[in-house]
Amino acid sequence: MLSRDLLRSEDDTLASRLGLRGIAAGLLESWQSFDRERRSILGEVEQLKQRRNELSKQIGALKREGSDAEAVMAEVGELKAGIAGLEERLASTETELTDLEMAFPNLAHASVPAGADEAANRVERTVGEPRAFDFEPQAHWDLGPALGILDFERGAKVAGARFTAYFGSGARLERALISFMLDLHTAENGYIEVQPPFIVNTDALIGTGQLPKFEEDLFKLSGHEYYLIPTAEVPVTNLHRGEILEEERLPLKYVAHTPCFRAEAGSYGKDVRGLIRQHQFQKVELVHLTTPETSYEALEELTGNAEGVLQRLELPYRVVTLSTGDMGFSAAKTYDIEVWLPGQNAYREISSCSNCEAFQARRAGLRYRPAGGGKPRLLHTLNGSGLAAGRTLVAILENYQNADGSVSIPEPLRPYMGGADSIEVPVVGAG
RNA sequence: GGAGGGGUGGCAGAGUGGUCGAAUGCACCGGUCUUGAAAACCGGCGUCCCUUCACGGGGACCGCGGGUUCGAAUCCCGCCCCCUCCGCCA
């Protein structure tokens, strides 16, 4: 949510900044007219209430001294209908106002490139050299089944399209990746490990911005007001909802490993093969709650923490700043980290790191008390994958594949793999 | 799932229809005293909204949402959460 002060402002660049995020100018104007109406009704109703409160006190005083209060009670009685009518109008105006403001996306930070889609994204840096293969590298959807570690057919059998069963070293490799990432972020980057609920209520989803606008992306539990989490960002960012934190405790840096569930509505025909786009995947998520003054430093730090995983695994990648049109709803600035996938001959997103500034904090009531005392202020929230486990496994399979179809295991993961240095193609039907 | 108890300010804990945004204690902030500190004493100390250049004024909030009433923390209805015991269970 944007602040009402901002939405009210005379600033004529506001409409165009919203326009960059895909919001028609008329929506701002209608918000402003509902806001004017609300304040005018509020003024009237509060005046009547003031009168009512005064008279009610008089009645109390009169009755206590045994006097007749009939006349005063009659006067209050006349106020009642007026108050009720105004409050009804006030409530419906409030509803219009909040429905509108819930639909406004965050404004982009000044450093974000303007543009309609990913064509306007800006590459910030490219790290690592894609490996030169002396054979034709395979895609993971060929490598995985051949190694007997990924089974798309059986995943589809027990659930449906976009679900995968992992076997043997594949299952273990993903678990190794998760453990490796959690250990790195907690031991070296100062994160507190959190295991949040994997099911959340509507308030949490409103807090981070998935609701009310993007319900079709979520899996909802039948018969309950519960949803499977699309990302750990939702439960973790909402952990301190409605709280006022002491500034001394900041920044709060959380890392959480969770499964993520996404309906992927409207993505039919996109990435239909392999692990890239699944209804269920695992992710290690990084979340920062910090002060407005430090949130952009925190974005660099968080992004660097995510890059650190790729660097340790020696996977080539690049960092891209998303354009105003490509960013998510709640973000003010987003860096996507894209890993090189030889099997696709392309860089593909493996992490998305965003500073949401006060946008989510305002929705979720995340505040802090400044160190010197004084009024509570809104926090800034940040989140980013550090990293998506399934896609990292894809990157390892494709980048570390050998000519014989085996896959080498990157050094840092070997302790988590029982010391194994490779996953070998099984000898089928031998003997 | 069954039975019972409970949700009040940072914490503890009063308050069962009016003078209650809410006693009291602790914590916290300022002051007096003191060489300094502690103790003692004095004062301050919630959040949101509207309005005002400002000082200030007003409204709302005692888990959430409705209702009764001139007036609700207090009465009624629904819901949520927590605790205890029983059952079931990873």
Check: Any side-chain heavy atom of A:Arg38 sitting closer than 4.5 Å to one from A:Leu90?
Finding: yes
Checklist line | SB check A:Glu285 A:Lys283 (cutoff 4.0 Å) | finding: yes
Item checked: Under-4.0 Å salt bridge between A:Glu357 and A:Lys333 -> no
Base paired to [N] (Watson-Crick or G-U; both N/O distances under 3.5 angstrom):
N     : result
B:G1  : B:C86
B:A40 : B:U32
B:G18 : B:C70
B:C11 : B:G25

Taking the same atom, [atom1], in [N] and in [M], what whole-Å distance lies between them?
N     : M     : atom1 : answer
B:A90 : B:C45 : C1'   : 48 Å
B:A39 : B:C29 : P     : 12 Å
B:G9  : B:A27 : C1'   : 13 Å
B:G17 : B:U68 : C1'   : 12 Å
B:U52 : B:G58 : C1'   : 11 Å
B:C11 : B:C28 : P     : 15 Å
B:A60 : B:G21 : C1'   : 11 Å
B:A72 : B:C61 : C1'   : 13 Å

Item checked: 5' priority, RNA chain B, between A:Gly43 and A:Ile59 [closest heavy atom] -> A:Gly43
Notebook entry, point to check: Given that A:Gly60 and A:Arg367 both sit by RNA chain B, which one's nearest nucleotide is further toward the 5' end?
Noted result: A:Gly60
[N] OP1/OP2 closer than 4.0 Å to side-chain N/O of [X]:
X        : N     : value
A:Arg52  : B:C70 : no
A:Asn53  : B:G59 : yes
A:Arg8   : B:C50 : yes
A:Arg369 : B:U47 : yes

State which of [options] makes the closest approach to the side chain of [X].
X       : options             : result
A:Lys80 : B:U47, B:C49, B:G71 : B:G71
A:Ser56 : B:G18, B:C49, B:A60 : B:G18
A:Gln50 : B:G58, B:C70, B:C49 : B:G58

Check: Using a cut-off of 4.0 Å on non-hydrogen atoms, how would the nucleic acid contact of A:Arg38 be classed: base, sugar-phosphate, or nothing?
Finding: sugar-phosphate
Notebook entry, point to check: Which part of the nucleic acid, if any, lies within contact of A:Leu55, taking any heavy atom under 4.0 Å across all strands shown: a base, the sugar-phosphate backbone alone, or nothing?
Noted result: nothing
Spacing between [X] atom [atom1] and [N] atom [atom2], to the nearest angstrom:
X        : N     : atom1 : atom2 : value
A:Leu79  : B:U69 : CG    : P     : 16 Å
A:Glu70  : B:G71 : CD    : P     : 14 Å
A:Lys375 : B:C49 : NZ    : P     : 9 Å
A:Met73  : B:G18 : CE    : P     : 15 Å
A:Glu243 : B:G9  : CD    : P     : 14 Å
A:Lys57  : B:C70 : NZ    : P     : 19 Å
A:Phe34  : B:C50 : CZ    : P     : 18 Å
A:Arg4   : B:C49 : CZ    : C1'   : 9 Å

Next item on the list: Please step through side chain to side chain donor-acceptor pair (under 3.5 Å) for the pair A:Tyr317 and A:Gln311, ending with a clear verdict.
Entry: CA-CA 9 Å; A:Tyr317 67 90; A:Gln311 289 164 11; 2.7 Å; yes
Notebook entry, point to check: Partners of A:Asp12 by salt bridge (Lys or Arg N to Asp or Glu O under 4.0 Å), sequence neighbours excluded?
Noted result: none
Notebook entry, point to check: For the side chain of A:Glu46 and the base of B:G58, is some donor closer than 3.5 Å to an acceptor across the two?
Noted result: yes
Check: Once the angle between the rings of A:His279 and A:Phe163 is folded into 0 to 90°, is it parallel (under 30°), tilted (30 to 60°) or perpendicular (over 60°)?
Finding: tilted
Margin query: Is a donor from one side chain sitting under 3.5 angstrom from an acceptor on the other, for A:Tyr227 and A:Asn201?
Written below: no
